J.: 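Okay, here's the structure, questions in a sec.
Quick caveat, the model's predicted, so the values are computed rather than measured. Keep in mind that the numbers below use all heavy atoms, side chains included, and drop hydrogens, waters and symmetry copies.
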Amino acid sequence: MQDLFSKFMENAVRFEQDSRTIRVKYKLCVDKMDGIELHTVMEAMDVAGILDYSLAKAADLIIKHAITPAVSYGSPAMFAEDVNQGSEVISEAVLKILPSQDCKIVDVDGDAIYARVIQVIKFIFKHICFENGSWIRSFGRLTWPRISDIIISKFLSKVVPEDASKLVDFQKIVKCTSEFEFSLKEMMFLSASDGKDYRLSSFSENVEVHFAFRKKTEVLGKARNLLLQCDFSVPQDYTSKGPLLKNDGMAINSSNQVVDLIFSSERCVVSKAASQLMELVHQTLQDVCLSSARVAWEFYHAVRDAILLYEAVIPVKLERQLDGINQVAILMYNDCLFLSQEILGLAFEYRTDFPDSIKEHAVFADMAPRFHLMAEEILQRQIQIVIFNLREVIDGADGFQNTHQMQQFESAKFSIDQAVFILEKVHIIWEPLLRPSTYKRSMCMVLESVFSRITKDILLLDDLAAEETLQLQRLIHMMLDNLSSLLKSLISAFDSNEKSEEDTSRPIDDLIPSLRKIRKLGELLDMPLKSITSAWESGELMSCGFTILELKDFIRAIFADSTLRKECIWRIENVTL
């Protein structure tokens, strides 16, 4: 029986190669059985429960010669229907497969492709299944897995977007794919309850997710690679003839490592890692603005994760360099400062263009404080390393004792020379790279530690010989002379008309209190006792930071016990300031 019904269907549905026509006959003739109606055959197959088996060859024929050309991406076929009307009833239906009028058609929206497939299925529904829901459902079960695979392989997979700017167009395809499957469900070609039938919608929606996941992986991979490969070198064409202020009239440095600080009037030099990382961040956020909500959400998280990779990768990579005095640590400080300000600006720059569903949830400002804190920690670590090294070399002066002896003087001079060398090294590294305000503040902290330590050591000396005071004075003057260029760099740090965001425009002596004190100490070392007393009574020495106890001990160390010394100490103790 199955073979007989198969012969009927072969007789009913034929493909004519020459005319490229699918012809459906309504009156069938098989094995001398003539005039059997196709509708009667369909009913009989349905009753016998062999509808699927008997329709198989017809399904193969239609898929091969009609469905496949309909979804051919780039050069699809067109269709024309016709019916041959007998004296009373339709004798046959014809579906003509016509070549496309255009040599090359690109149906990126999917509407035309799906319209052609629906045209074929409607032909089947009307002329083979006679608009019987059960029969078309059987035909759908038999053919849909293959039809959906063809649509995916020949159309959907070929229009998967390569970048976020194309995702908006792909959303149109997602929409028309859903509408296409809904139309098939209305014709009962697809089941209304079986979710597995909606394979095209599942694929198109998952394409968006897979695209987003792939792009997120690419963004994080690029971020990690540029962070790992960066050598933290200063650009070769960078010069430091003055502070890099935005409106200072200087030629703008061509290097993309010289960046604007968006919440400051200053520029700073950053590593290629930070510069390229923010370029990647801005590119990805531009994609967020062009993407659907689902893709935008993945890109948003990719941006956050990429920024946080700096915190995870760079401190580990540069751990050894951070323990020394070098450009790397300063560049990393600048990086963190730059990133913290850029992060704060991201929401202002992009949020209004984000998809509505993520506007209220996209947050960047929470990351800024951690980079600002990291910047301060790096800078303070550098300052403390410098101060530690300076203390070590000053320790070699042995408290500046017995400098009237040649060996002790040379030892003290060597310590001073080493301290000056370290300070000049720091000056050479810091001034070109740090913002003027930061350079001034940081260098003043370092100099304060040096001057206060040397002043303290000298004031702790007792029983100083006349030659010894002269040698100490010589060491102080020599040190200050050797540091003159450094001190001038601090004075000129804010010669521009730009306003600093920090209170560092005060006189150097106010920012380095011990500088005034050590200068005055150099004068006191060869000053007469009465002049020292008068300087205290006038308040000059107190304004330089001297205490009454320090001054009394200093006088006792330099001047022998005498009536004059006692009188002067009494005057110092009883002066009212």
Side-chain angles (χ1 to χ4, degrees), residues 1-70 79-97 116-150 181 183-194 196-197 199:
M1 183 181 293
Q2 287 181 342
D3 290 342
L4 178 62
F5 282 124
S6 293
K7 289 179 180 179
F8 274 119
M9 291 309 300
E10 287 178 22
N11 185 251
V13 184
R14 291 178 177 274
F15 175 71
E16 298 175 356
Q17 184 68 45
D18 293 341
S19 60
R20 294 185 57 79
T21 299
I22 294 176
R23 191 178 301 278
V24 179
K25 295 171 62 178
Y26 282 29
K27 295 287 186 178
L28 309 177
C29 178
V30 173
D31 295 340
K32 299 181 181 181
M33 291 182 284
D34 195 10
I36 306 297
E37 292 187 1
L38 176 58
H39 189 277
T40 303
V41 173
M42 292 292 291
E43 286 181 328
M45 291 190 298
D46 189 15
V47 171
I50 58 172
L51 198 61
D52 289 358
Y53 177 85
S54 303
L55 288 174
K57 287 189 177 180
D60 288 342
L61 182 148
I62 291 170
I63 289 174
K64 179 179 180 180
H65 297 291
I67 297 295
T68 300
F79 301 97
E81 295 182 38
D82 194 12
V83 293
N84 293 330
Q85 188 82 32
S87 57
E88 296 180 358
V89 294
I90 297 174
S91 62
E92 65 178 14
V94 174
L95 183 69
K96 294 182 179 180
I97 304 165
R116 290 191 292 270
V117 175
I118 287 176
Q119 185 181 359
V120 174
I121 293 174
K122 281 183 175 180
F123 178 83
I124 297 166
F125 181 57
K126 183 177 181 180
H127 298 295
I128 297 178
C129 297
F130 299 97
E131 298 183 349
N132 183 300
S134 175
W135 296 352
I136 192 64
R137 180 70 196 97
S138 180
F139 199 93
R141 283 196 304 269
L142 187 66
T143 59
W144 181 240
R146 292 168 62 192
I147 292 174
S148 58
D149 282 344
I150 291 170
E181 289 181 331
S183 297
L184 297 182
K185 183 181 73 171
E186 284 189 322
M187 282 192 291
M188 290 173 284
F189 187 81
L190 298 182
S191 169
S193 59
D194 190 354
K196 293 181 180 178
D197 278 353
R199 301 177 69 210

J.: Calculate, to the nearest 0.5 Å, the distance between atoms CD1 and CD1 belonging to Ile147 and Ile63 respectively.
T.: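 The distance works out to 5.0 Å.
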
J.: Kindly say whether Cys29 contributes a backbone atom to a donor-acceptor pair with the side chain of Asn11 at under 3.5 angstrom?
T.: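 A pair under 3.5 Å: yes.
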
J.: Given Phe123 and Val24, is the side chain to side chain contact (heavy atoms under 4.5 Å, CB included) satisfied, shown in steps?
T.: CA-CA 10 Å; Phe123 178 83; Val24 179; 3.8 Å; yes

J.: Where is the tightest heavy-atom contact between Met187 and Ile136, given as atom of each residue plus distance?
T.: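 For Met187 versus Ile136, the nearest heavy atoms are O-CG2, 3.2 Å.
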
J.: Check Val83 against His127 and note the closest heavy-atom contact, atom names and distance.
T.: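 Minimum heavy-atom contact is CG1-CE1, 3.7 Å.
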
J.: Assess the side chains of Tyr26 and His39: does a donor N or O sit below 3.5 Å from an acceptor N or O?
T.: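 No, because no side-chain N or O of Tyr26 sits under 3.5 Å from a partner of the opposite role on His39.
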
J.: Could you walk me through whether Val13 and Lys57 pass the side chain to side chain contact (heavy atoms under 4.5 Å, CB included) test, one step at a time?
T.: CA-CA 9 Å; Val13 184; Lys57 287 189 177 180; over 6 Å; no

J.: Within the 3.5 Å criterion, strictly below it, is a donor on Trp135 or Asp46 matched to an acceptor on the partner's side chain?
T.: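 Result is yes, a qualifying pair exists.
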
J.: Provide the closest heavy-atom pair for Val94 versus Thr21 in the form atom of the first, atom of the second, distance.
T.: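 So the two residues come closest at CG1-CG2, 2.9 Å.
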
J.: When you compare the side chain of Phe125 with that of Glu131, does any pair of heavy atoms fall below 4.5 Å?
T.: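 Yes, close enough: below the 4.5 Å cut-off.
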
J.: Do the non-hydrogen side-chain atoms of Leu142 and Tyr53 ever get within less than 4.5 Å of each other?
T.: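 Side-chain contact under 4.5 Å: no.
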
J.: As a quick check of understanding, evaluate side chain to side chain contact (heavy atoms under 4.5 Å, CB included) for Met33 and Leu4, giving each step before the final call.
T.: CA-CA 11 Å; Met33 291 182 284; Leu4 178 62; 3.6 Å; yes

J.: Shortest non-hydrogen contact from Val120 to Ala66?
T.: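 Residues Val120 and Ala66, closest heavy atoms: CG1-CB, 3.9 Å.
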
J.: Thinking salt bridges, do Asp197 and Lys185 make one under a 4.0 Å N-O criterion?
T.: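 Not counted as a salt bridge, because no side-chain N and carboxylate O are separated by less than 4.0 Å.
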
J.: So how far is it from Ile121 CD1 to Gln119 CD, rounded to the nearest 0.5 Å?
T.: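 CD of Gln119 is found 11.0 Å from CD1 of Ile121.
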
J.: Between atom OG of Ser138 and atom CG of Asn132, what is the distance when rounded to the nearest 0.5 Å?
T.: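 Rounded to the nearest 0.5 Å, the OG-CG separation comes out at 10.0 Å.
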
J.: About how many Å separate CG of Leu184 and CG of Leu190, when rounded to the nearest 0.5 Å?
T.: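 Taking CG in Leu190 and CG in Leu184, the distance rounds to 4.5 Å.
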
J.: Name the orientation class of the two ring planes belonging to Trp144 and Phe189 (parallel below 30°, tilted from 30 to 60°, perpendicular beyond 60°).
T.: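 Judged by the thresholds at 30° and 60°, the geometry between Trp144 and Phe189 is perpendicular.
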
J.: Could you state the interatomic distance from CE (Met9) to CE (Met45), rounded to the nearest 0.5 Å?
T.: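 Result: 4.5 Å between the selected atoms.
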
J.: Using every non-hydrogen atom in the two residues, find where Pro145 and Gly140 come nearest and quote the distance to one decimal.
T.: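 Taking every non-hydrogen atom into account, CD-O, 4.2 Å.
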
J.: Could you pull out all residues at least two apart from Lys7 that satisfy salt bridge (charged side-chain N to carboxylate O under 4.0 Å, His left out)?
T.: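 Checked Lys7 against salt bridge (charged side-chain N to carboxylate O under 4.0 Å, His left out); matches are Asp31.
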
J.: Find the distance between CZ (Phe139) and CD1 (Ile128) and round it off to the nearest 0.5 Å.
T.: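 That separation rounds to 5.5 Å.
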
J.: Please report the shortest heavy-atom distance between Ser191 and Arg137, naming the atom on each side.
T.: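 Closest approach of Ser191 to Arg137: CB-NH2, 3.4 Å.
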
J.: Does some side-chain heavy atom of Ile22 sit less than 4.5 Å from a side-chain heavy atom of Leu61?
T.: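 A side-chain contact under 4.5 Å exists here.
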
